[in-house]
Structures are given as structure tokens and as C-alpha cells.
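Values in this document were obtained by computation on a predicted structure and should not be read as measured data.
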Amino acid sequence: VQLVESGGGLVQPGDSLRLSCAASGDRGRIECSTMGWHRQVPGKERELVATISRGDRITYAESVKGRFTISRNRGRNTEFLQMNNLKPEDTAVYFCNAHCQEQWSEPSGLSEIALDYWGKGIQVTVST
């Protein structure tokens with residue numbers, strides 16, 4: 001399973017960005033349950049930004065509550081992060097992650113695996 005982020009870039013304080021993350025695989029059917037976003041600044045640990053569960057239960061870091069909105073398109077194993085009123089302290093590499101189950105057929109029968117996956121990250125820079 002591969003997770004690919006898109007939508008990052010350079011914006012000014014107060015601007016908005018919408019990040020997207022799509023899960024795909026080349027062996028069979030994929031179904032992702034909990035999906036989320038983390039971010040990391042050089043020299044600091046990766047921190048949780050937001051998560052959304054299979055039942056659409058949502059959590060946010062205190063620093064982004066009221067400004068960021070996480071959503072998902074479950075049928076397409078895609079998630080989004082709408083970021084409004086961006087601040088310079090939001091500057092970071094944003095990583096998509098998801099717990100996904102992949103099923104595929106082999107001569108011996110149906111095989112499946114469920115793991116946590118991470119995207120490669122996408123840069124978001126908020127600066128004047």
C-alpha cells in the first residue's frame with residue numbers, strides 16, 4: 001500500500017491550504033480504517049495533527065483546533081486536511097498515515113495483511 005500526499009506549498013500567514021492523501025495498492029482490494037495527519041519540524045519529534053476513525057470519530061491537536069478540518073472519502077481511501085488561518089508555526093513537513101487492510105488472491109486462496117502505512121511527506125511553509 002502506498003500513501004501519496006498532495007497540496008502543500010508556500011503561503012502567507014492567514015492563508016489556507018488543503019492537503020490530500022490517497023492510498024493505493026497493486027495487489028488487490030484496500031480498505032483503510034483510521035487515517036490521520038502528523039507533522040514534523042527539523043530537530044523536533046513528529047507530532048499528531050488530526051485523526052479520523054472508521055466511524056468518523058475525529059481528534060485534533062490543541063494547536064490546530066478551530067483552524068484545521070480533517071475529512072475522508074472512505075470509498076476511495078482518501079483523506080483531506082483543510083488548513084485555514086495558517087500561522088508560521090504550522091510550517092512543517094506533513095505526513096499522511098493510515099491503518100489499511102489489503103486483500104488479494106493467490107493460487108492457495110485469499111491473502112490479507114493489515115499494517116500502518118506512512119506517506120513520504122509534503123512541505124507546508126507559512127511565511128511572509
TODO: With the side chain counted from C-beta on, respond yes when K87 and P13 share a heavy-atom pair under 4.5 Å apart, and no when they do not.
DONE: no
Open item on the list: Before you tell me yes or no, could you show the steps for L86 and L17 under side-chain contact (heavy atoms from CB on, under 4.5 Å), namely the whole-Å CA-CA distance, both residues' side-chain angles and the distance that decides it to 0.1 Å?
Closed with: CA-CA 8 Å; L86 282 160; L17 276 177; 4.0 Å; yes
TODO: Provide the closest heavy-atom pair for V49 versus V64 in the form atom of the first, atom of the second, distance.
DONE: O-CG2, 3.7 Å
Open item on the list: Donor-acceptor pair, distance only, cut-off 3.5 Å: does the side chain of R72 make one with the backbone of S53?
Closed with: yes
TODO: Looking only at non-hydrogen atoms, find the nearest pair between H99 and A114 and report the distance.
DONE: NE2-CB, 3.9 Å
Task: Heavy-atom pair with the smallest gap, counting every atom of Y117 and L3 - done: O-CD1, 3.3 Å
TODO: Check the pair F80 / I52 against side-chain contact (heavy atoms from CB on, under 4.5 Å), numbers first and verdict last.
DONE: CA-CA 10 Å; F80 309 95; I52 183 167; over 6 Å; no
Task: More than 12 heavy atoms from other groups under 6.0 Å of CD on E89 - done: yes
TODO: Look only at the side chain of Q40 and the backbone of K44, and say whether a donor-acceptor pair between them is shorter than 3.5 Å.
DONE: yes
Task: For I70 against E79, the heavy-atom pair lying closest together - done: CD1-OE1, 3.6 Å
- [ ] Let me see the working for E112 and Q101 under side-chain contact (heavy atoms from CB on, under 4.5 Å), right down to the final yes or no.
- [x] CA-CA 7 Å; E112 64 179 35; Q101 181 185 57; 3.5 Å; yes
Task: Geometric cation-pi criterion R46 and F95, 6.0 Å radius, 45° cone - done: yes
Task: Taking every non-hydrogen atom, the tightest pair across C100 and I30 - done: CB-CG2, 4.2 Å
TODO: Say whether W104 and E102, considering side chains only, have a donor N or O and an acceptor N or O under 3.5 Å apart.
DONE: no
TODO: For A23 and V1, work out which heavy atoms get closest and say how close.
DONE: CB-CG1, 4.3 Å
Task: Spacing of S63 atom OG and L48 atom CG [to the nearest 0.5 Å] - done: 9.5 Å
- [ ] Ignoring hydrogens and angles, tell me if any N or O in the side chain of T91 forms a donor-acceptor pair with the backbone of V126 under 3.5 Å.
- [x] yes
Task: Hphob cluster co-occupancy, M35 + Y60, side-chain heavy atoms under 4.5 angstrom - done: yes
TODO: Drop me the distance from W37's CH2 to L81's CG, to the nearest 0.5 angstrom.
DONE: 6.5 Å
Task: Euclidean distance, C21 SG relative to Y94 OH, rounded to 0.5 Å - done: 15.0 Å
Open item on the list: Any donor-acceptor pair under 3.5 Å linking the side-chain atoms of T51 with those of T59?
Closed with: yes
Open item on the list: Between R67 and M83, is there a side-chain heavy-atom distance shorter than 4.5 Å?
Closed with: no
TODO: Could you tell me whether E5 and K120 have a side-chain N and a carboxylate O separated by less than 4.0 Å?
DONE: no
Task: Any donor-acceptor pair under 3.5 Å from N73 side chain to T78 backbone - done: no
Open item on the list: What I want to check is whether the side chains of E31 and S33 have a donor and an acceptor closer together than 3.5 Å.
Closed with: no
Task: Interatomic distance, K65 atom NZ to I58 atom CD1 [nearest 0.5 angstrom] - done: 12.0 Å
Task: Flag for T128-Q12: side-chain donor and acceptor within less than 3.5 Å - done: no
- [ ] Indicate yes or no for a side-chain donor-acceptor contact from R39 to the backbone of A92 under 3.5 Å, with no hydrogens or angles considered.
- [x] no
Task: Expected output: side-chain D90 to main-chain V124 donor-acceptor under 3.5 Å - done: no
TODO: Would you give the length of the straight line joining atom OG of S105 to atom CZ of R29, rounded to the nearest 0.5 angstrom?
DONE: 11.0 Å
